[in-house]
Amino acid sequence: MAGRSSARKVRNEDSNPCIEESDGSQRCMDAYSYEKSRCSAYFTRYKNCRKYWHAVMLQRRRDGVKPDMPNAEERDQILSALGGKPY
């Protein structure tokens with residue numbers, strides 16, 4: 001049962017800010033028969049997304065803001081204020 005619970009968490013937009021990037025990587029891998037070299041841009045975008053939101057989470061934790069990870073609506077507001085995705 002733990003596997004299902006963690007799978008739901010990974011697909012939950014409120015707890016995973018990089019679903020779109022993850023899906024893009026997976027679609028690329030499917031399209032190119034898992035030839036990783038052809039999908040490096042997607043992997044980089046996903047990695048940069050994770051780094052960015054991890055830094056946000058750590059800063060919020062230091063500042064005592066709860067929850068540590070902003071929910072999907074709050075992340076949209078942050079990205080809008082920045083003029084788009086910084087990664």
Side-chain angles (χ1 to χ4, degrees):
M1 252 207 215
R4 284 190 211 164
S5 173
S6 64
R8 276 194 300 268
K9 187 174 182 181
V10 170
R11 297 300 310 164
N12 182 341
E13 284 191 24
D14 278 338
S15 61
N16 182 356
C18 300
I19 291 175
E20 183 179 324
E21 290 76 8
S22 175
D23 289 348
S25 295
Q26 188 60 51
R27 280 193 302 273
C28 181
M29 291 291 281
D30 290 341
Y32 292 109
S33 302
Y34 290 81
E35 192 177 323
K36 291 181 181 180
S37 63
R38 298 190 71 182
C39 300
S40 60
Y42 290 93
F43 299 149
T44 300
R45 191 173 332 148
Y46 175 74
K47 185 176 177 181
N48 291 339
C49 176
R50 297 296 298 173
K51 281 183 183 178
Y52 177 80
W53 289 112
H54 183 73
V56 168
M57 183 181 72
L58 291 177
Q59 187 61 49
R60 286 170 62 103
R61 192 176 293 160
R62 276 188 229 110
D63 295 343
V65 178
K66 293 289 182 182
D68 295 339
M69 179 61 71
N71 64 31
E73 184 179 324
E74 200 175 349
R75 287 193 307 268
D76 287 342
Q77 292 171 356
I78 292 169
L79 293 176
S80 292
L82 292 172
K85 294 180 179 179
Y87 43 86

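Quick note: numbers below take in every heavy atom, side chains included, and nothing from hydrogens, waters or symmetry partners. Worth saying up front: this structure is predicted, and the values here are computed from it rather than measured.
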| Of the non-hydrogen atoms in Met69 and Ser15, which two are nearest, and what is the gap between them? | CG-O, 4.5 Å

| said: Within this structure, what is the CG-CD distance for the pair Asp76 and Glu73, rounded to the nearest 0.5 Å? | reply: 8.0 Å

| request: Can you measure from OG (Ser40) to CZ (Arg45) and round to the nearest 0.5 angstrom? | output: 11.0 Å

| request: Report the residues that fulfil salt bridge (Lys or Arg N to Asp or Glu O under 4.0 Å) with Asp23, sequence neighbours left out, ordered by chain and then residue number. | output: Arg11

| field | Residues forming a ring-ring contact (aromatic ring centres under 6.0 Å, His included) with Tyr52, sequence neighbours excluded | value | Tyr87

| said: So Asn71 and Glu74, do their side chains get closer than 4.5 Å, heavy atoms only? | reply: yes

| field | Residue pair Met57 / Arg60, side-chain heavy-atom distance below 4.5 Å | value | no

Under the side-chain contact (heavy atoms from CB on, under 4.5 Å) rule, collect the residues that match up with [X], sequence neighbours excluded.
X: Cys18; value: Asn16, Glu21, Tyr46, Cys49, Arg50, Trp53
X: Ala72; value: Glu13, Asp14, Arg75
X: Arg38; value: Tyr32, Glu35
X: Glu20; value: Lys85

| Step-by-step side chain to side chain contact (heavy atoms under 4.5 Å, CB included) determination, Met29 to Tyr42 | CA-CA 9 Å; Met29 291 291 281; Tyr42 290 93; over 6 Å; no

| field | Basic-acidic side-chain contact under 4.0 Å: Asp68, Lys66 | value | yes

